[in-house]
Amino acid sequence: MRIVSWNINSVRLRIDTLKKVADALQPDFMCLQETKAQDSDFPTDAITEAGFTRQLVRGMKGYNGVAILSNAAMSDGGSRDWCAREDCRHVAADIGDKTFLHNFYVPAGGDEPDPKINEKFAHKMDFLSEATDWSAKLPKKGRHIMVGDLNIAPHENDVWSHKQLLKVVSHTPVEIDALEAWRAAHGWVDAIRAIVPEDEKLYSWWSYRNRSWPGSDKGRRLDHIWVSPALAPKVTDAGVYRDARGWEKPSDHAPIWADIDI
DNA sequence: ATGGTTGTGCGACAA
């Protein structure tokens, strides 16, 4: 089974790119973030024609928005609000065989990494805390897959310069510690780093600003696929589909993928 | 270099 996660940065603008990603990667489940469309504007028919006959969608006007697309049977697996906000940052699917797929879009957190002066950063830290509490309550022997734009690049080789980004939101120690607490709360296993060694540079996002793509390769690994401990031995392959970042009118995120033998 | 670019949706904000 192949899972793809992609911050598409507008599903309506990139519907053809979505088809191209699907053709290239042939996912069984495609998880999108930043769809930026309220449910009534979601391109249901075009996506059905692209082969995704089942769609779990949580969108709002202008911002955020998540979706899980598949051709396989699935039902809602506990989609919910976080931080008492209805901002469409999570959708979950029950994909059968007591297995659940969670798709997250964690708040980016603004520019200043100080919750006292930056409400967006406070929201990000609150979100991480709630997600940690939620993970701690998941049965340790459960079968969960968790993907999404977590907006944190935790390891030194998840950013183009560890030193230069230590005070930049997405790579500050307080965020990295919070993400590690979230991971440890369920014993989540980072499926992509289980395949790609930690001493290898690996990114999934490159800013639209400056000339970071493709020349200087100033990327960050903000997107993740985590699995329950019980599923960790079943991860057979995983990676970042970098090619898509070089296509015409790209999202600033590349799709990421994992193959899980279930 | 306190910039830069893209998206939603038509002004300002988010990333």
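None of the values given here were measured: they were computed from a predicted structure. Just so it is clear: chains get the letters A, B, ... in the order the sequence lines come, proteins before strands, and each one is counted from 1.
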Exercise. Rounding to the closest angstrom, what is the interatomic distance between dC10(B) and dT5(B) at atom P?
Worked result: 24 Å

Exercise. For Glu112(A) and dT2(B), what is the distance between atoms CD and C1' respectively, to the nearest whole Å?
Worked result: 12 Å

Problem set entry | Rounded distance (Å) that lies between atom P of dA1(B) and atom CD of Gln164(A) | 14 Å

Problem set entry | P spacing across the pair dT2(B) / dC13(B), given as an integer number of angstrom | 22 Å

For this session: Determine the Euclidean distance between corresponding C1' atoms of dG7(B) and dG11(B); express it in Å to zero decimal places.
Result: 14 Å

For this session: At under 4.0 Å between heavy atoms, which parts of nucleotides 7-15 of chain B does protein reach? Answer with one letter per nucleotide, 5' to 3': B base, S sugar-phosphate only, - none.
Result: SSS----SB

Problem set entry | C1' atoms of dA12(B) and dA1(B), separation to the nearest Å | 25 Å

Exercise. Does any donor atom in the side chain of Asn103(A) or Gln33(A) lie under 3.5 Å from an acceptor atom in the other side chain?
Worked result: yes

Exercise. Using atom P of each nucleotide, how far apart are dG9(B) and dA14(B) to the nearest Å?
Worked result: 15 Å

Exercise. Should we say atom NZ of Lys167(A) is surrounded by more than 12 heavy atoms from elsewhere, each under 6.0 Å from it?
Worked result: no

Exercise. What orientation do Phe104(A) and His90(A) show, parallel under 30°, tilted 30 to 60°, or perpendicular over 60°?
Worked result: tilted

For this session: Using only heavy-atom distances, determine whether the side chains of Ser79(A) and Arg58(A) contain a donor-acceptor pair under 3.5 Å.
Result: no

Exercise. Angle class for the Phe100(A)/His144(A) ring planes (parallel below 30°, perpendicular above 60°, tilted otherwise)?
Worked result: parallel

Problem set entry | Face-on cation placement of Arg2(A) at Trp257(A) ring, 6.0 Å and 45° thresholds | yes

